[in-house]
Amino acid sequence: MNPIRIAVIPGDGVGKEVVPEAIRVVEAALANQAEIAWTHFPWGADYYFEHGRMMPEDAIDTLRAFDSIFLGAIGHPQVADHITLNGLLLPIRRAFDQYANVRPAVLYKGVPSPLANPGPIDMIVVRENTEGEYAQVGGFVHSGFPAEVAVQAGVFTRHGIERIIRFAFDLARKRNGKKRLTSVTKSNAQGYGLVLWDRVFASVAADYPDISTEELLVDAAAMNFVRRPASFDVVVASNLFGDILSDISAIVTGSIGLAASANLDPERRFPSMFEPVHGSAPDIAGKGIVNPMAQILSAAMMLEHLGHPAAAARIDTAVRRVLADAKTRTPDLGGSSRTTEVTEAVLKAL
Ligand code: IPM
Ligand code: MN
């Protein structure tokens, strides 16, 4: 059998620390059921310092040949974030039309939530990942002068809205959850793009009578992610709102160090990309204390996507087992374990 081809981009900061840990776990979980060929690309801030760009000009063509992309984190204190992110992460999401950003948030047994009464949280934020507020349409006028003006447009297309909403409904249907989909907008203030979103949501909902629906404005959604997180099942939101809400869903389930994500091309025309929700965390990078779980759980999402659900489930079970026992935890979860100790515990639980 041909090996599965994975392009690995550890990136910057803690990305370089968690990616090798997750690869060890994947190899152990697959045992000899499949072979993976990991190809490492040293792209990111270091590459930028040497070459003046985050990745080579033909990077997208290079990546196209792979089955999936496994990304650590991008970002460096000495380079503006809009340069690092617009030079690597965001172009990959767009070039491969990874329009569904899937971000589960589960309050695992034994993990403390900062909320007093969180209840059993088990939700997925589905974030539109190719347009909306991230479209990079706009410009500067009178740059550098007192009359300087910046225009930043949001782009909402019926095509883009409809496909992400359908994806979220299908997920709510497929998943063994509350069969509920919450749509988040701010159509009271943004009277064009998000009004179109609301209209499309209503029309697509008619095709899913078995899924109950809820529509929230983003400010109320933010409040309710804290007030009643256990009431959510699948949540669908625009690019920026999904970005913000998925940090809230991560922290109410204990730590952003546990939050995994998948950037999916659901039609499988291109490689999808799997990465933790957290960033390069320069404040703790190099100390060996970053939580590897988000990267490990992102790897499980990748295996699921690549047709290895049993190996993915094994990783999920092992992670749950390690988290249930407070013994081995990194500082973000109140423990004093090191990154590698957590990996060792997961490997043992496998
Ligand atoms: C994320 C990150 C990125 C985003 C940043 C780093 C551009 O916050 O994946 O959530 O906003 O998409
Ligand atoms: Mn984010």
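Figure legend: cation-pi geometry between Arg127 and Tyr134, with NZ or CZ positioned under 6.0 Å from the six-membered ring centre and within 45° of its axis. Cation-pi check for Arg180 over Phe232 is not met; the charged atom does not lie both under 6.0 angstrom from the ring centroid and within 45 degrees of its normal.
Contact record, Pro91 with Asn86: CG-O, 3.2 Å, taken as the closest heavy-atom pair. Minimum heavy-atom separation, Tyr47 to Pro42: CB-O, 3.5 Å.
Exactly one residue among Val236, Thr213, Asp207 makes a side chain to side chain contact (heavy atoms under 4.5 Å, CB included) with Phe169. That residue is Thr213. Among the candidates Phe96, Phe270, Phe274, Phe41, the single residue satisfying the ring pair (Phe, Tyr, Trp, His ring centres under 6.0 Å) test with Phe66 is Phe41.
Taking 4.0 Å as the cut-off between side-chain N and carboxylate O, Asp122 and Arg175 count as a salt-bridged pair. A salt bridge between Arg24 and Glu27 is absent, with no side-chain N of the basic residue lying under 4.0 Å from a carboxylate O of the acidic one. Salt bridge status for Arg5 with Glu35: absent, with no side-chain N to carboxylate O gap under 4.0 Å. Glu162 has a carboxylate O that lies under 4.0 Å from a charged side-chain N of Arg166, or vice versa, which qualifies the two as a salt bridge. Comment: Arg163 engages Asp97 in a salt bridge, judged by a side-chain N to carboxylate O separation of less than 4.0 angstrom. A salt bridge links Lys16 with Asp46: the closest approach of a Lys/Arg side-chain nitrogen to an acidic carboxylate oxygen falls below 4.0 angstrom. Salt bridge present: Arg228 and Glu214 bring a charged side-chain N and a carboxylate O closer than 4.0 Å.
When the side chains of ILVMFWY residues are joined at heavy-atom separations under 4.5 Å, either directly or via intervening members, Leu347 and Val319 end up in a single hydrophobic cluster. Transitive grouping of hydrophobic side chains (ILVMFWY, heavy atoms separated by less than 4.5 Å) keeps Val277 and Val106 in distinct clusters. Transitive grouping of hydrophobic side chains (ILVMFWY, heavy atoms separated by less than 4.5 Å) brings Met302 and Val19 into a common cluster.
A 4.5 Å side-chain heavy-atom check between Val252 and Phe225 finds every atom pair outside the cut-off.
Under 3.5 Å, the side chains of Trp197 and Ser183 contain a donor-acceptor pair of N or O atoms. Glu131 and Thr157 are linked by a side-chain donor-acceptor pair at a separation below 3.5 angstrom, with hydrogens and angles left out of the test. Defined by atom type and a distance below 3.5 Å, a donor-acceptor pair is missing between the side-chain atoms of Ser337 and Arg329. Ser280 and Asp12 are not linked by any side-chain donor-acceptor pair at a separation below 3.5 angstrom, with hydrogens and angles left out of the test.
Side chain of Asp265 to backbone of Arg268: a donor-acceptor contact under 3.5 angstrom is found. Under a 3.5 Å cut-off, the side chain of Glu148 and the backbone N or O of Gly144 do form a donor-acceptor pair. Between the side chain of Asn263 and the backbone N or O of Ser272 there is no donor-acceptor pair closer than 3.5 Å. In this structure a side-chain-to-backbone donor-acceptor pair under 3.5 Å is missing from Glu57 to Ala59. Using modelled atom types, one side-chain atom of Thr343 and one backbone atom of Thr339 make a donor-acceptor pair closer than 3.5 Å. In this structure a side-chain-to-backbone donor-acceptor pair under 3.5 Å is present from Ser261 to Glu275.
In this structure, the ring of Phe145 has its center no less than 6.0 angstrom from the ring center of Phe140.
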ring-ring contact (aromatic ring centres under 6.0 Å, His included) assessment of Tyr48 paired with His76: CA-CA 10 Å; Tyr48 177 85; His76 191 283; 9.4 Å; no
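Below 30°, between 30° and 60°, or above 60°: for Phe167 and Tyr99 the angle between ring planes is above 60°, a perpendicular geometry.
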